[in-house]
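See structure below.
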Amino acid sequence: EPEVTQTPSHQVTQMGQEVILRCVPISNHLYFYWYRQILGQKVEFLVSFYNNEISEKSEIFDDQFSVERPDGSNFTLKIRSTKLEDSAMYFCASRDPGTGQYEQYFGPGTRLTVT
Amino acid sequence: AQKITQTQPGMFVQEKEAVTLDCTYDTSDQSYGLFWYKQPSSGEMIFLIYQGSYDEQNATEGRYSLNFQKARKSANLVISASQLGDSAMYFCAMRDFTGTASKLTFGTGTRLQVTL
């Protein structure tokens, strides 16, 4: 069964460094999302991406964040200058617009630790 | 703005028993969708079940069913015949139909512990 994959599973970085989180969505999906979950808290929407552009972003997704689909398979989230409060689990998700149920399939997540 | 409320931070259920996890929602939209996701201790988010606001019947998927009461704005998840592997966090979420993005808004989750 096709699945969303994410790399790395765990990333440790120093405050102020740039990180790139990578995702490979399910191949026939056209909508892509990033969510984050601070430890012990609920999952929060960051950004959605469709047709090679951002379709919606939350207040969390400020100028430090950017997303890109550099080729036909990868979808990346870049944090330019990490802060301690960026420590969280980051989930990538994708959706097939052809289905009627609108479910988003999540990847296993990347745990980002900023020290 | 949409809001999802899960009032049970933790629940216990004995193996083979049924359990109901509560979810209430608030939206001004007429068209919306409700989801339940399971998050085991390993951290991944697993889609369980979906209910559209215009669906006339409650959604079911194997041992999972969604008790959708539109007038009360509730979308409770019922797990029948609980298994030890059901121990996990469970999140209720709502799909935002504004725009094309269909972002999900999540509740705070319920931690379910299945005991012998």
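When reading the values below, keep in mind they use all heavy atoms of this one structure, side chains included, and skip hydrogens, waters and symmetry mates. Quick note on labels: first sequence line is chain A, next is B, and so on, each numbered from 1.
- Looking at Asp71(A) and Ser73(A), their side chains do bring a donor and an acceptor atom within 3.5 Å of each other.
- The aromatic rings of Phe45(A) and Tyr35(A) stand perpendicular to each other, their planes meeting at an angle above 60°, with 30° marking the opposite boundary.
- With a 4.5 Å cut-off on side-chain heavy atoms, Phe35(B) and Ile4(B) do not count as touching.
- Side-chain N or O atoms of Gln37(A) include one that pairs as donor or acceptor with a backbone N or O of Gln41(A) at under 3.5 Å.
- With respect to Arg36(A) and Glu44(A), a salt bridge is recorded, a charged nitrogen being found less than 4.0 Å from a carboxylate O.
- Using a 4.5 Å cut-off between heavy atoms, Phe32(A) makes no contact with chain B at all.
- Applying a 4.5 Å heavy-atom cutoff, none of the residues of residues 5-12 of chain B approach chain A.
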Between side-chain atoms of residues 74-83 of chain B and protein atoms elsewhere (two or more places apart, or another chain), which donor-acceptor pairs fall under 3.5 Å?
unit_1: Asn76(B); atom_1: OD1; unit_2: Cys23(B); atom_2: N; d: 2.9
unit_1: Ser80(B); atom_1: OG; unit_2: Arg63(B); atom_2: O; d: 3.3
unit_1: Ser82(B); atom_1: OG; unit_2: Glu17(B); atom_2: O; d: 2.7
unit_1: Gln83(B); atom_1: OE1; unit_2: Arg63(B); atom_2: NH2; d: 3.4

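- Checked by atom type, the side-chain pair Ser102(B)/Arg95(B) shows a donor-acceptor distance below 3.5 Å.
- Atom CG of Leu21(A) is separated from atom CD of Gln6(A) by 8.0 Å, given to the nearest 0.5 angstrom.
- By a heavy-atom distance cut of under 4.5 Å, Tyr37(B), Gln39(B), Gly43(B), Glu44(B), Met45(B) are the residues of residues 36-46 of chain B near chain A, going up by number.
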Show which side-chain atoms of residues 105-115 of chain A pair as donor or acceptor with protein atoms under 3.5 Å away, not counting sequence neighbours.
unit_1: Tyr105(A); atom_1: OH; unit_2: Glu103(A); atom_2: OE2; d: 2.8
unit_1: Thr110(A); atom_1: OG1; unit_2: Pro8(A); atom_2: O; d: 2.5
unit_1: Thr113(A); atom_1: OG1; unit_2: His10(A); atom_2: NE2; d: 3.1
unit_1: Thr115(A); atom_1: OG1; unit_2: Thr13(A); atom_2: O; d: 3.4

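- From Asp22(B), atom CG reaches atom OH of Tyr90(B) across 14.5 Å, with rounding to the nearest 0.5 Å.
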